[in-house]
Amino acid sequence: MAPLHRYPVGVQDFEKLRTEGFVYVDKTECIYDLTNHYGDAIFLGRPRRFGKSLLCSTLKYYFLGRKDLFEGLAIDSLEKDWTEYPVLHFDMSLCKNDDPKGVETSLSLLLNNMEEKFGIDGTGLGYGDRLQRLIFTAHERTGQRAVLIFDEYDSPVLNVIDSQEKVDAIRSIFNSFYSPVKALGEHIRFLFITGVTKFSQMSIFSTINHLNNISMVEKWEGLCGITAQELEQNFEVDIAMMAQKFRITPQEMAQRLRDRYDGYHFGSGMVDVYNPFSIIKAFANEMLDDYWFSSGTPAALIKILDKYNFQLADIENTKLFKRAFDQPFDNMETAIPILYQSGYLTIKDYNFEENIYTLGIPNQEVHSGLYSTLMPRYLSKDLNKNESLLMAVKRAIIADDIDAALTAAQSYLAALPYNLSNKTERDFETLLRVMFDCIGIETMTEVRNARGRCDVVMKSRSTIYVIELKISTTATVDEALAQINEKDYLIPYWNDPRRKVKVGVTVNPDTRTIDQWKVEK
């Protein structure tokens with residue numbers, strides 16, 4: 001069955017999208033409001049591949065006065081004066097390079113392209129002077145103040161985030177480049193900056209004191225991405241057609257898409273936002289897959305987590321005040337804010353009275369992808385061994401055979417006698433959690449109830465497993481099971497229709513692997 005629409009997979013140019021018949025989720029009412037009623041210097045932070053570049057391109061053509069591209073959209077009836085402004089649009093992702101000299105070359109090429117449009121020769125000038133001359137000249141020759149768009153401003157720095165020497169060198173380059181912007185306000189009609197995070201030592205933030213950060217403003221939560229309401233309005237037939245292929249109802253198909261790609265919230269309004277890259281690719285391919293995650297997880301992510309001694313247990317129900325989200329990357333004390341800003345965590349709840357946000361993993365795609373990425377950090381760095389383990393465990397869980405799953409884990413861990421940094425219970429809880437989470441099984445560790453704390457709770461489609469660990473050469477599996485019963489670890493799940501299984505496990509601290517286990521159904 002042919003796809004219903006022409007889906008803009010990888011299309012980030014608004015003109016191409018509109019002239020070549022790609023489906024477009026209309027954001028132009030928000031764009032009109034933002035550019036006319038909400039200040040003239042804006043920063044928007046969103047994860048990668050979340051529609052920031054398309055938004056920047058849409059802004060560019062709006063300010064170029066391209067009324068023809070906006071016919072039939074919401075802004076067509078709102079804008080009465082289609083003024084053409086000189087637009088200086090810089091895509092900073094083109095400046096990604098591991099070598100600062102390479103970054104300088106790319107930045108110079110971007111400036112050259114802009115200078116050619118205005119007949120300017122920037123030879124011998126510094127980057128800041130070249131930008132200043134561009135802004136002056138654009139205003140002087142057109143009679144209209146310039147529009148500045150810096151897309152993915154932080155991309156060059158994030159690309160080398162694991163090397164402080166390169167970070168300092170590249171940040172110095174861009175500090176020089178951005179430095180004139182604040183003093184040229186009278187020549188600038190609108191300034192728009194996108195990125196993932198903020199760097200306090202980047203001049204664009206330290207000198208532009210009127211920059212309005214809208215990243216968590218309720219009104220603009222759906223400015224990027226596809227909201228649940230927009231999905232329903234624009235893709236109802238697409239969902240129905242996809243449901244036919246999967247031989248399920250449209251309602252069931254909508255739920256699968258929701259579970260896999262929805263779940264992002266970018267403020268206290270808790271507006272449901274789908275990952276646009278993944279949902280569009282799912283419609284285009286008529287297949288569910290981990291598109292966003294497989295498109296490229298930053299290589300520096302693991303190094304960042306190591307830097308902050310990040311633990312998987314920190315993911316569950318992490319609570320933050322709002323000021324933590326606006327914390328510049330170079331001043332962060334934990335990995336949690338950057339995990340949020342990068343899209344690996346999102347807001348799950350907001351307490352208005354206490355002004356506290358609760359974070360969690362957005363959806364199934366991020367869940368499985370994040371744990372797969374973290375697996376070499378906790379288990380073997382041999383990917384083939386990891387894949388063999390996961391396949392064996394997944395087959396066992398599908399068959400409701402917890403004995404086979406633990407047998408596979410026992411054999412695997414026995415081959416890694418020195419993998420753990422120590423011999424604590426938390427180490428083994430983490431190992432089990434990574435193992436089950438990587439195959440898409442909801443797993444929680446150190447789960448508290450009124451009478452105690454259960455080590456591991458695992459929920460498959462048909463079964464809830466409550467697992468108690470004992471790290472000792474003398475402890476018994478019966479003692480572990482007795483603790484489950486005495487502490488009523490199963491009580492919170494009593495009304496769940498799935499069957500319940502209690503599992504007592506002993507781990508030998510000398511061999512660092514599972515010793516024995518016993519199952520009670």
ask   = How far apart are the C-alpha atoms of Phe293 and Tyr291, what are their side-chain angles, what is the distance that settles it, and do they pass the ring pair (Phe, Tyr, Trp, His ring centres under 6.0 Å) test?
value = CA-CA 6 Å; Phe293 222 95; Tyr291 298 109; over 10 Å; no
request  = Report the C-alpha separation of Asp33 and Lys219 in whole Å, then their side-chain angles, then the decisive distance to 0.1 Å, and conclude whether the salt bridge (Lys or Arg N to Asp or Glu O under 4.0 Å) test is met.
outcome  = CA-CA 10 Å; Asp33 194 11; Lys219 188 173 186 177; 2.7 Å; yes
task = List the steps, then state whether side chain to side chain contact (heavy atoms under 4.5 Å, CB included) holds for Leu131 with Val181.
result = CA-CA 8 Å; Leu131 179 61; Val181 175; 4.0 Å; yes
task = Evaluate the ring pair (Phe, Tyr, Trp, His ring centres under 6.0 Å) criterion for residues Tyr61 and Trp82: first the C-alpha distance (whole Å), next the side-chain angles of each, then the deciding distance (0.1 Å), finally the verdict.
result = CA-CA 11 Å; Tyr61 288 107; Trp82 287 87; over 10 Å; no
message = Set out, in order, the CA-CA distance, both residues' side-chain angles and the distance that settles side chain to side chain contact (heavy atoms under 4.5 Å, CB included) for Arg133 and Ile120, then state yes or no.
response = CA-CA 8 Å; Arg133 179 180 286 188; Ile120 299 174; 3.4 Å; yes
inquiry  = side chain to side chain contact (heavy atoms under 4.5 Å, CB included) for Ile188 and Arg145? Distances and angles first, verdict last.
reply    = CA-CA 5 Å; Ile188 298 173; Arg145 291 178 296 160; 5.7 Å; no
query = Yes or no on side chain to side chain contact (heavy atoms under 4.5 Å, CB included) for Met253 and Leu288, after CA distance, side-chain angles and deciding distance?
reply = CA-CA 10 Å; Met253 190 72 248; Leu288 302 179; 4.1 Å; yes
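Salt-bridge formation is not detected for the pair Asp272/Arg258: no Lys NZ or Arg NE/NH1/NH2 atom is positioned less than 4.0 Å from an Asp or Glu carboxylate oxygen. Salt-bridge annotation for Asp259 and Arg256: absent, with no side-chain N of the basic residue lying under 4.0 Å from a carboxylate O of the acidic one. With respect to Glu230 and Lys27, a salt bridge is recorded, a charged nitrogen being found less than 4.0 Å from a carboxylate O.
Using a distance-only test at 3.5 Å, with no hydrogens or angles considered, no donor-acceptor pair links the side chain of Glu354 to the main chain of Ile356. Between the side chain of Thr358 and the backbone N or O of Lys319 there is no donor-acceptor pair closer than 3.5 Å. Under a 3.5 Å cut-off, the side chain of Ser77 and the backbone N or O of Ala74 do form a donor-acceptor pair. Side chain of Ser176 to backbone of Ser172: no donor-acceptor contact under 3.5 angstrom is found. A donor-acceptor pair is defined here as one N or O able to donate and one able to accept, closer than 3.5 Å; such a pair exists between the side chain of Thr35 and the backbone of Tyr32. Side chain of Asn285 to backbone of Met287: no donor-acceptor contact under 3.5 angstrom is found. Proximity of a side-chain donor or acceptor of Glu104 to a complementary backbone N or O of Ile173 within less than 3.5 Å is not detected. Not one N or O on the side chain of Arg189 forms a donor-acceptor pair closer than 3.5 Å with the backbone of Ala146. Remark: side-chain polar atoms of Asn159 are not paired, donor with acceptor, to backbone N or O of Lys96 under 3.5 angstrom.
For the pair Arg46 and Phe266, the cation sits on the ring face: its NZ or CZ lies under 6.0 Å from the ring centre, inside 45° of the axis.
Heavy-atom minimum distance, Asp289 versus Glu365: O-OE2, 4.3 Å. Contact between Val217 and Asn213 at its shortest, heavy atoms only, is CG2-O, 3.9 Å. Heavy-atom minimum distance, Pro100 versus Ala169: CG-CB, 3.8 Å. Nearest heavy atom pair, residue Thr346 against residue Gly263, reads CG2-O, 3.1 Å. Between Ser342 and Pro47, the closest heavy-atom pair is O-CB, 3.4 Å. Among all heavy-atom pairs drawn from Glu84 and Leu64, the shortest one is CG-O, 3.3 Å.
With contacts defined as side-chain heavy-atom distances shorter than 4.5 Å, the pair Arg6/Val23 does not qualify. When side chains are defined from C-beta on, Phe118 counts as touching Pro86, because their heavy atoms get closer than 4.5 Å. Using a 4.5 Å heavy-atom cutoff, the side chains of Ser106 and Leu94 are not in contact. When side chains are defined from C-beta on, Leu191 does not count as touching Asp40, because their heavy atoms never get closer than 4.5 Å. Contact annotation: the side chain of Asn112 approaches that of Arg130 to within less than 4.5 Å [non-hydrogen atoms, C-beta and beyond]. Gln12 is not listed as a side-chain neighbour of Leu17, based on a closest heavy-atom distance of 4.5 Å or more. Between Trp220 and Leu44, the closest side-chain pair of non-hydrogen atoms is not below 4.5 Å. Taking the side chain as every heavy atom from C-beta outward, Met242 and Ile239 never approach each other to under 4.5 Å.
Atom CD of Glu20 is surrounded by more than 12 heavy atoms from other residues, nucleotides or ligands within 6.0 Å. Sparse packing is recorded around CD of Glu29, with 12 or fewer heavy atoms of other residues, nucleotides or ligands lying under 6.0 Å away. No more than 12 heavy-atom neighbours from other residues, nucleotides or ligands sit within 6.0 angstrom of CD on Gln229. Shown here is Lys348, whose NZ atom has more than 12 heavy atoms of other residues, nucleotides or ligands within 6.0 Å.
Of the residues listed (Asn275, Asp290, Asn363), the one engaging Arg260 in a side-chain contact (heavy atoms from CB on, under 4.5 Å) is Asp290, and it is the only one. Each of Tyr38, Phe150, Phe63, Tyr62 was evaluated against Phe190; a single residue qualifies, Phe63, per the ring-ring contact (aromatic ring centres under 6.0 Å, His included) test. Tested against Phe90, the residues Tyr153, Phe174, Phe177 include a single ring-ring contact (aromatic ring centres under 6.0 Å, His included) partner, Phe177. Applying the ring-ring contact (aromatic ring centres under 6.0 Å, His included) test between Trp292 and each of Tyr261, Tyr344, Phe50, Phe277 identifies Tyr344 as the sole match.
Of the inter-residue distances, the one linking Ser179 atom OG with Gln132 atom CD reads 8.5 Å to the nearest 0.5 angstrom. Note: Ile226 CD1 to Leu231 CG = 6.5 Å, rounded to the nearest 0.5 Å. Rounding to the nearest 0.5 Å gives a distance of 10.5 Å between OG1 of Thr137 and NE2 of His187. Once rounded to the nearest 0.5 Å, the distance linking CG of Leu73 with OH of Tyr24 reads 6.5 Å. From Tyr85, atom OH reaches atom NE2 of His139 across 10.0 Å, with rounding to the nearest 0.5 Å. We find the CG-CG distance between Leu257 and Asp238 to be 10.0 Å, quoted to the nearest 0.5 Å.
The aromatic rings of Tyr350 and Tyr357 lie tilted to each other, with the angle between the two planes from 30° to 60°. Ring geometry for Phe235 against Phe283 counts as parallel: the plane angle stays under 30°, on a 0 to 90° scale with 60° as the upper cut.
Remark: Asp151 engages Lys52, Ser53, Cys56, His89, Asp91, Thr194 in a side chain to side chain contact (heavy atoms under 4.5 Å, CB included) (not counting sequence neighbours).
Under the salt bridge (Lys or Arg N to Asp or Glu O under 4.0 Å) criterion, the residue pairs touching residues 59-72 are Glu15-Arg66, Arg66-Asp68, Lys67-Asp76, with sequence neighbours excluded.
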